[in-house]
Protein chains: 2
Amino acid sequence: MRHPEPMSDQQPSQDAPEGLEPAKTGVSSRRIADYLRTAILNGELAPGTRLRQEEIAERLGSSRIPVREALRMVEADGLVVVKSYSGARVAKLDFNEFDTAYRIRERIDPLALTLSLEGITDEDVARLEALETEVEETTSPDRFVALDREFHLATYAGCTDKQLLETVTRFWNTTQHYRRAYAQLIDDRGRSIITYEHRLLIDAIHRRDPIDAERFLSGHIRRTRITLAEHPELFD
Amino acid sequence: MRHPEPMSDQQPSQDAPEGLEPAKTGVSSRRIADYLRTAILNGELAPGTRLRQEEIAERLGSSRIPVREALRMVEADGLVVVKSYSGARVAKLDFNEFDTAYRIRERIDPLALTLSLEGITDEDVARLEALETEVEETTSPDRFVALDREFHLATYAGCTDKQLLETVTRFWNTTQHYRRAYAQLIDDRGRSIITYEHRLLIDAIHRRDPIDAERFLSGHIRRTRITLAEHPELFD
DNA sequence: GCGGTTGCGATTGTGTCCAATCGCCAGTAG
DNA sequence: CTACTGGCGATTGGACACAATCGCAACCGC
């Protein structure tokens, strides 16, 4: 597994020596959907931004037909809202939706983790430790958010079920905006708490202990939900 | 809530006096997607069936463009698999995917139920009892599957979160095929067990007891998973 | 007889053009 | 001044035509 790489089933990128990042060949609609997902996730396209078909088409050098299909796909991911004859906008969860999304994550992320434990390798665990070190050392909020995401997705490296990974990723994605916003105002105390939670999680994974792993993960998600809820200014 | 009515956000059907069944006006791609979902869910389109764009377009009186968008949407629902330049087929879960889908349901359906309890009305509970009576009385396997689905979705009537309902419905939908197949060979003993489980579930809902409601629901889903797994011939 | 190859038909992917709808602003009446 | 209404520009939805790709079968050589 590599960098951000949105989600959804990206093409195996066929015979290209090694896949660059987003499948650059193959069918444009998937490529365009990947482009939109990436742009939304890293904040280039803020919630509420209007997405004009022609503008996207021109930027990616295609016609509007693949763009429309891509918008349907990203809409199904919950990242975009499309309204008939009116246009597409980058989606934004309100507070209640955010709260429920996190409660969903509290239930399914631990399942993905338990299933992952059955297939996870020592190399995967070593990578987790390396990633966590990076998470702890970075000082850039945006980089912190990206690394944190990469760390958690890496804990699921041993999970082979695509539906589950897609679902987990989906709710990770739709809540990304709030994590990024919160990362801007987190203090050292908050960072320390995350460090402890992550380290305990890694230890449970290292011991292949699904009970502790689920406990620490659901606790981590729940505490994050509660912490974010203490900042109502994020949900204007 | 009415009959099958696939899932996903159907249009409010605008100014049409009352929505017939699937939004017949508005944008064709949604209408076509609804048509495909319905046809797949009630078994008219069996898993593995090839879906030719032109054929669907002709049947629904449109061109291939809305059909293509509809296929992308239904693909995102997990009901169809699209392959570049090769075509779309009705999806079929293998055994492992089925097993994981049910384990996901064991975790998130109870959440939907707990949230539903906060908003459910006495009329909703009365409707549950009426539906359950129908479930118990029907002798047609296909009608049993449809009513069972309607019953369970009705237990979520008090849940207002769209993401959660869509996710719950998604995994209900992708596993529908196996429930229908199993319904053909269930015996009286199996039917009785389901009756007891449903009645206990209704009682917990009636008492607005989230602990018992979650317990009975997750137990019901788990037992169903185990029972279906005892019929490997369904997963050829 | 069999494996590989090549060409053709069928089907999907995409660009272009036109129709349908929406939002907004000017204009008008009260 | 405000609320309504009509029309215009911008944008999306859809049909058609053409290009790209795939699957399959016939053919060829061994």
Side-chain angles (χ1 to χ4, degrees), chain A residues 8-16 19 22-36 39-40 45 48-76 79-91, chain B residues 8-16 19 22-36 39-40 45 48-76 79-91:
Chain A
S8 213
D9 36 0
Q10 78 283 12
Q11 297 266 98
S13 74
Q14 320 247 125
D15 51 343
K24 112 170 4 175
T25 119
V27 183
S28 335
S29 49
R30 298 208 194 267
R31 190 181 123 62
I32 297 172
D34 277 346
Y35 164 81
L36 289 173
I40 292 171
L45 293 175
T49 305
R50 172 103 185 256
L51 299 174
R52 260 171 289 261
Q53 297 175 0
E54 195 126 24
E55 184 180 328
I56 301 169
E58 187 183 9
R59 178 170 329 199
L60 301 225
S62 76
S63 82
R64 280 170 44 221
I65 279 92
V67 173
R68 291 179 46 173
E69 289 179 29
L71 285 173
R72 294 295 186 195
M73 293 189 269
V74 183
E75 178 188 30
L79 293 176
V80 151
V81 175
V82 178
K83 206 177 141 200
S84 284
Y85 289 105
S86 176
R89 289 179 177 278
V90 178
Chain B
S8 212
D9 36 0
Q10 77 283 10
Q11 296 267 99
S13 75
Q14 319 248 123
D15 51 342
K24 109 170 4 176
T25 118
V27 184
S28 350
S29 50
R30 299 209 193 265
R31 191 179 122 64
I32 297 173
D34 277 346
Y35 165 82
L36 289 173
I40 292 171
L45 293 174
T49 305
R50 173 104 183 255
L51 299 175
R52 261 171 290 262
Q53 297 173 1
E54 194 125 27
E55 184 180 327
I56 300 169
E58 188 182 8
R59 179 168 330 199
L60 302 218
S62 76
S63 82
R64 281 169 44 224
I65 279 90
V67 172
R68 290 174 56 84
E69 289 179 28
L71 285 173
R72 293 296 188 195
M73 293 188 268
V74 183
E75 178 189 30
L79 293 176
V80 150
V81 177
V82 178
K83 206 178 141 198
S84 284
Y85 289 105
S86 177
R89 289 180 178 278
V90 178

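Below, all heavy atoms of this structure are taken into account, side chains as well, without hydrogens, waters or symmetry copies. Throughout, a chain's letter reflects where its sequence line sits, starting with A, and its residues are numbered from 1.
In terms of heavy-atom proximity, Gly48(B) sits nearest to Arg89(B) at O-NH1, 2.7 Å. In terms of heavy atoms, Glu75(B) sits closest to Arg30(A) at OE2-NH2, 3.0 Å. Here the closest heavy-atom approach between residue Ala70(B) and residue Ser29(B) is recorded as CB-O, 3.5 Å. Nearest heavy atoms, Ile40(A) versus Leu79(A): CD1-O, 3.8 Å.
Regarding contacts with the backbone of dC22(C), every side-chain N or O of Ser84(A) stays at 4.0 angstrom or more from both OP1 and OP2.
A straight line from OH of Tyr85(B) to C1' of dC22(D) spans 10 Å, rounded to a whole angstrom. Straight-line distance from the CZ atom of Arg30(B) to the P atom of dT12(D): 14 Å, rounded to whole Å. Taking atom CZ on Arg68(A) and atom C1' on dT14(C), their separation rounds to 13 Å, with Å as the unit. Between the CD atom of Glu69(A) and the P atom of dT12(D) there is a distance of 16 Å, rounded to whole Å.
With dG23(C), dT12(C), dG13(D) as the candidates, the nucleotide lying closest to the side chain of Val27(B) is dG13(D).
Nearest-nucleotide positions on DNA chain C place Ser63(A) closer to the 5' end than the other of Lys83(A) and Ser63(A). Residues Gly87(B) and Ser86(A) each lie close to DNA chain C; by heavy-atom proximity, the contact nearer the 5' end of the strand is made by Gly87(B). Positionally, the nearest nucleotide of DNA chain D for Arg72(A) lies more toward the 5' end than for the other of Ile65(B) and Arg72(A).
Using a 4.5 Å cut-off on side-chain heavy atoms (C-beta onward), Leu51(A) and Leu45(A) make contact. In this structure the side chain of Leu60(A) never reaches within 4.5 angstrom of the side chain of Val67(A), judged on heavy atoms. In this structure, the side chains of Ile32(B) and Ile56(B) come closer than 4.5 Å at one or more pairs of heavy atoms.
DNA chain D lies under 4.0 Å from at least one heavy atom of each of the following residues of residues 50-62 of chain A: Arg50(A), Leu51(A), Arg52(A), Gln53(A).
One axis for each end of the helix from dG1(C)-dC30(D) to dG30(C)-dC1(D), each built from five base pairs, and the angle between them comes to 10° at 10° resolution.
Salt-bridge formation is not detected for the pair Arg72(B)/Glu69(B): no Lys NZ or Arg NE/NH1/NH2 atom is positioned less than 4.0 Å from an Asp or Glu carboxylate oxygen.
Residues satisfying the side-chain hydrogen bond (donor to acceptor under 3.5 Å, both in side chains) test with Arg50(A), not counting sequence neighbours, are none.
A donor-acceptor contact under 3.5 Å is formed by the side chain of Arg64(A) with the base of dG13(D).
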